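Both backbone and side-chain heavy atoms feed into the values below; hydrogens, waters and symmetry mates do not. Bear in mind that the values here come from a model prediction, so they are computed numbers and not experimental data.
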Amino acid sequence: MDSKPASQPLALRGPWFVEPETDRILLLRGINLSGGTKLPYGIPSHEHDRFWVDYDRYVSFVGRPFPIDEADEHLDRLKDWGFTFLRFVVTWEALEHEGPGIYDQEYIEYVVQVLKKCKRRGIRVFIDPHQDVWSRHTGGSGHPGWTLALAGLNPNHFAATNAALVHNMYPVPSDFPKMVWATNYFKLAAGTMFTLFWSGATFAPLCTVDDVSIQDYLQSHYINAICALARRIHQETDDPLEDVVVVGYDTMNEPGQGFIAQTDLAQFSEKQDLKKDLSPTPFQAFQLGVGFATTVEKWDVGALGPQKKGTVLVDPRGESAWLTDAEVSSAQDVFGWRRAPTSRWPVGCIWAAHDVWSPNTRSLLRSDYFATDPVTKQHVNFDDFWMPYVKKFSEALRQVHREAIIFLQPPFPELPPRLEGELGRVVYTPHWYDGLTLINKEWNGWNVDFMGLKRGKYGDGVFKYVRAIRVGEKAVRQCFVEQLALIKAEGKEYVGDYPCLIGEIGIPYDMKSSTTFRLLDLFTHPFRPIHISDPTSPQSKAMDANLHALESNLLHFTLWNYVPDNDEQWGDRWNGEDLSLWQGVGGDEDTMPGLWKDGYKRPPVIRSESQEPLMMSEEPEAATTVVVIPPEMPASEKVRKRNSLRASPDDRYAARGFLSPQERVVVLDDDDANSAYTVIAHEDIPLDVAFLVPGEKFGDGSTSAMSSVTNVGTVVDTVPKKNARDIPPIHRPHPVKIAGLPKSVAFVMTPTPKFEFSFETGSVDTVGLGLNPTGPTEVYIPKQHFPVPLGKDVVEEDELKTEVMVSIGEWRVISEGEGHWIVGWWVGEAVGVHEMVIERREKAPEGWSCIIL
């Protein structure tokens with residue numbers, strides 16, 4: 001290991017992140033990248049083809065969430081939207097799918113290359129080892145298929161035994177019930193695997209592998225896999241990523257609790273808030289798992305939450321969720337592990353082997369088996385097993401990444417553990433969703449204080465639900481503010497005075513449509529559908545309420561989520577979820593397949609005159625910028641004008657790609673027309689861009705002819721992809737770097753966009769943090785709501801005008817992007833609370849300073 005990190009790590013001071021170079025407080029506004037990483041490349045959750053083939057050892061996650069040649073366009077978009085902090089999703093399966101101790105080095109290298117691209121944009125990340133209900137094979141994502149074979153489970157029989165609801169095993173995948181996947185936490189497969197992972201040494205002592213408990217075997221391989229990625233990141237010393245880009249690691253996404261601490265296996269778990277579709281108790285799940293026909297309850301989610309709809313006889317017809325003797329032996333031969341002999345660990349149901357129940361009599365022998373330690377007889381809770389894992393995970397990671405921040409995420413929506421400072425640099429990273437909207441896919445004028453219910457705020461009995469209801473838009477928004485305030489306060493009480501970052505929060509975009517009434521159209525079409533991009537659409541209202549709650553509590557956050565290949569039919573391509581901020585429409589998909597993507601031109605097929613493909617290289621010294629020169633324009637002029645170009649929809653010269661130096665190339669366009677162009681190589685331009693544009697149009701409308709030895713291919717106008725769900729609340733002003741202590745942030749879109757922000761300098765609280773900031777306060781401003789100020793002398797009379805008003809000091813626009821601008825605000829040595837207001841209006845109030853430097 002190096003003696004010291006290559007760069008100063010992100011500082012933590014109380015509830016704030018602090019930029020080490022400038023001592024400015026950072027309000028981290030980010031996004032999860034990405035839900036698409038849950039799945040191997042080319043295998044969405046609804047397709048059964050290539051599912052559970054040879055234990056799914058040979059899948060690949062390279063190119064998830066996007067192919068590396070598309071990374072620039074997506075990262076540029078996120079940066080332009082103001083998302084400069086990523087919860088970067090990886091999975092144990094992506095790292096170690098082939099077998100225990102076999103790491104996918106190609107995937108690890110892919111991740112490193114994406115992280116380097118993040119670095120070039122000033123984007124920080126923390127790594128999220130993601131899982132949902134254990135694995136893809138148990139209806140979710142995350143952990144490798146071989147772990148199921150290790151425990152003796154057979155995914156091919158999960159559907160028949162209701163051991164898991166798996167999207168591609170559903171009779172009609174397009175009818176897969178929304179959000180039903182989460183019920184798998186309480187079914188046999190995921191319940192068993194989580195119990196083994198956290199507490200196998202305690203509750204399944206017969207289960208040993210290579211002479212260690214199955215708990216230690218699973219945990220050590222999981223931790224080692226994450227450390228393998230951390231080690232590769234640490235090795236980047238010439239172009240460092242550790243601390244500069246990667247600031248830390250999540251402990252594990254939404255960990256399931258298995259059967260731990262359940263007091264009666266014949267009843268539903270006290271932790272099971274969601275019941276939907278077939279809902280067996282653990283004891284019923286045990287019976288179904290060995291092939292017994294069993295009557296179970298069926299539930300659905302209504303306006304007030306889960307409701308029982310009746311009972312259903314589920315008959316597996318003798319199929320078992322457990323592997324046979326021969327299948328267990330085959331798995332041992334493939335992977336090389338050695339389970340305890342069958343005389344000790346018999347094939348079949350693990351819980352029958354531990355005398356929790358008897359298949360012979362179909363009777364439950366120890367209903368409270370998981371509520372007490374079988375040896376000490378002491379009552380247990382999940383934290384008794386989770387916290388030792390968290391410490392082990394943290395210690396192992398910090399052997400590699402010394403200053404890694406541990407992003408602590410307990411099971412949702414449980415209270416966090418009491419840490420008492422034992423983890424060092426830690427951030428509390430809970431999740432929160434508006435569950436009513438998420439499950440019902442509808443934004444209503446009422447909602448429920450879910451967190452208040454969970455914490456007993458409304459007492460007991462059926463009327464507690466009535467007391468928790470909030471009616472009216474204003475009341476619902478305030479309810480969200482209060483729930484997040486409670487979560488933040490719990491973090492401070494239990495975890496300590498550390499930052500609280502909401503790791504996941506978001507909305508479903510596939511909500512039920514909404515209409516608006518227009519009196520003027522009373523006799524034609526009085527009810528008109530509201531477009532998603534309208535500020536009054538259900539999606540806009542829901543997202544605005546979520547973001548308002550975050551801002552009101554000055555919370556850091558990473559929204560769920562951005563899926564590059566989200567589509568209209570399958571959404572995020574995982575279990576019917578549709579929470580991606582992005583859904584590309586138009587552009588190349590219909591008119592220019594393979595050439596244009598999201599408005600950016602992909603590298604054409606480029607060959608030398610001998611028709612041999614030119615070598616592509618990612619070594620900067622081997623890359624040469626190739627610029628096509630129209631005959632009418634001198635080469636020197638073209639090069640001068642192109643010294644800062646990047647590929648974009650507005651640049652008709654640009655096609656991305658690394659090229660070896662050549663004097664002549666042949667371009668094969670989409671119509672298979674061969675066009676040879678005379679090019680020049682200019683090595684003074686340090687860009688990985690090839691400029692190849694046949695038929696460029698100039699300002700006078702004329703089209704230049706390229707120097708060519710064959711015919712010029714057809715020129716197709718570019719049609720950039722647009723975001724089908726470009727809702728206004730996403731484009732939101734927010735302080736990025738603050739030269740003091742933030743006090744308040746507020747943004748309203750209607751009737752006129754208005755942003756208000758205040759921070760404090762010189763107070764006891766500020767001094768107590770030891771802040772000595774240098775540089776201005778920087779605020780991100782989206783052009784969608786606030787055009788860049790042009791100055792009072794040049795604004796047209798009828799043009800909407802952006803007014804920037806500060807109570808003290810001076811400001812100026814310090815940078816500008818395609819869809820945003822950054823304002824810098826200097827207050828000098830002033831002490832007190834300082835306020836900024838930005839709005840579209842005609843006249844600034846008297847007594848405020850509006851200075852453009």
Gln378 CD to Asp384 CG distance, which is reported to the nearest 0.5 Å: 10.0 Å
Derivation and outcome, side-chain contact (heavy atoms from CB on, under 4.5 Å), residues Thr294 and Val314: CA-CA 5 Å; Thr294 306; Val314 180; 5.7 Å; no
ring-ring contact (aromatic ring centres under 6.0 Å, His included) evaluation trace for Phe385 with Tyr389: CA-CA 7 Å; Phe385 303 97; Tyr389 154 81; over 10 Å; no
Minimum heavy-atom distance between His46 and His167, given as atom pair plus value: CB-CE1, 3.5 Å
Asp355 and Arg366 ion-paired at < 4.0 Å: no
From Tyr369, Phe186, Phe194, Phe286, residue fulfilling ring-ring contact (aromatic ring centres under 6.0 Å, His included) relative to Phe259: Phe286
Distance-only polar pair, side chains of Lys271 and Gln257, donor-acceptor under 3.5 Å: no
Minimum-distance pair of heavy atoms, taken over all atoms of Gly258 and Thr195: CA-OG1, 3.4 Å
Shortest non-hydrogen contact from Ser394 toward Val390: OG-O, 2.7 Å
Criterion ring-ring contact (aromatic ring centres under 6.0 Å, His included) on Phe370 and Trp351, from CA distance to verdict: CA-CA 11 Å; Phe370 298 103; Trp351 309 122; 5.0 Å; yes
Val380 and Phe203, any side-chain heavy atoms less than 4.5 Å apart: yes
Modelled atom types, side-chain donor and acceptor of Glu270 and Thr263, under 3.5 Å: yes
Thr281 side, atom OG1; Gln267 side, atom CD - distance, nearest 0.5 Å: 7.5 Å
Candidate pair Asn168 and Trp52, rule side-chain contact (heavy atoms from CB on, under 4.5 Å), full reasoning: CA-CA 11 Å; Asn168 63 50; Trp52 198 241; over 6 Å; no
Salt-bridge contact Lys275-Glu297 (side-chain N to carboxylate O under 4.0 Å): no
Geometric class of the Trp134/Trp92 ring pair [parallel <30°, tilted 30-60°, perpendicular >60°]: perpendicular
Nearest heavy atoms of Phe158 and Ala321, plus distance in Å: CE2-O, 4.0 Å
Distance in Å, Arg339 CZ paired with Leu150 CG, rounded so as to fall on 0.5 Å steps: 7.5 Å
Value rounded to 0.5 Å, distance of OG in Ser269 from CG in Asp264: 11.0 Å
Phe412 vs Tyr433, ring-ring contact (aromatic ring centres under 6.0 Å, His included): CA-CA, chis, key distance, verdict: CA-CA 10 Å; Phe412 175 80; Tyr433 286 95; 7.3 Å; no
Spacing of Leu397 atom CG and Thr251 atom OG1 [to the nearest 0.5 Å]: 10.5 Å
Side chains of His130 and Asp132, donor plus acceptor under 3.5 Å: yes
Derivation and outcome, ring-ring contact (aromatic ring centres under 6.0 Å, His included), residues Trp146 and His221: CA-CA 12 Å; Trp146 59 259; His221 279 282; 5.8 Å; yes
Shortest non-hydrogen contact from Asn575 toward Ser45: N-OG, 2.7 Å
Least distance between heavy atoms, Asp510 atom then Gly576 atom: OD2-O, 4.1 Å
side-chain contact (heavy atoms from CB on, under 4.5 Å) between Val563 and Glu577, worked out: CA-CA 11 Å; Val563 178; Glu577 280 201 352; over 6 Å; no
Rounded distance [0.5 Å steps], CD in Glu490 versus CD in Glu414: 10.5 Å
Test: Asp572 and Lys38 ion pair at under 4.0 Å: no
Asp300 with Lys309: basic N within carboxylate O range, under 4.0 Å: no
Within-4.5 Å side-chain heavy-atom neighbours: Asp128 and Phe407: no
Short side-chain donor-acceptor distance under 3.5 Å, Ser199 and Thr202: no
Derivation of the side-chain contact (heavy atoms from CB on, under 4.5 Å) call for His431 and Asn253: CA-CA 9 Å; His431 294 179; Asn253 180 71; 3.0 Å; yes
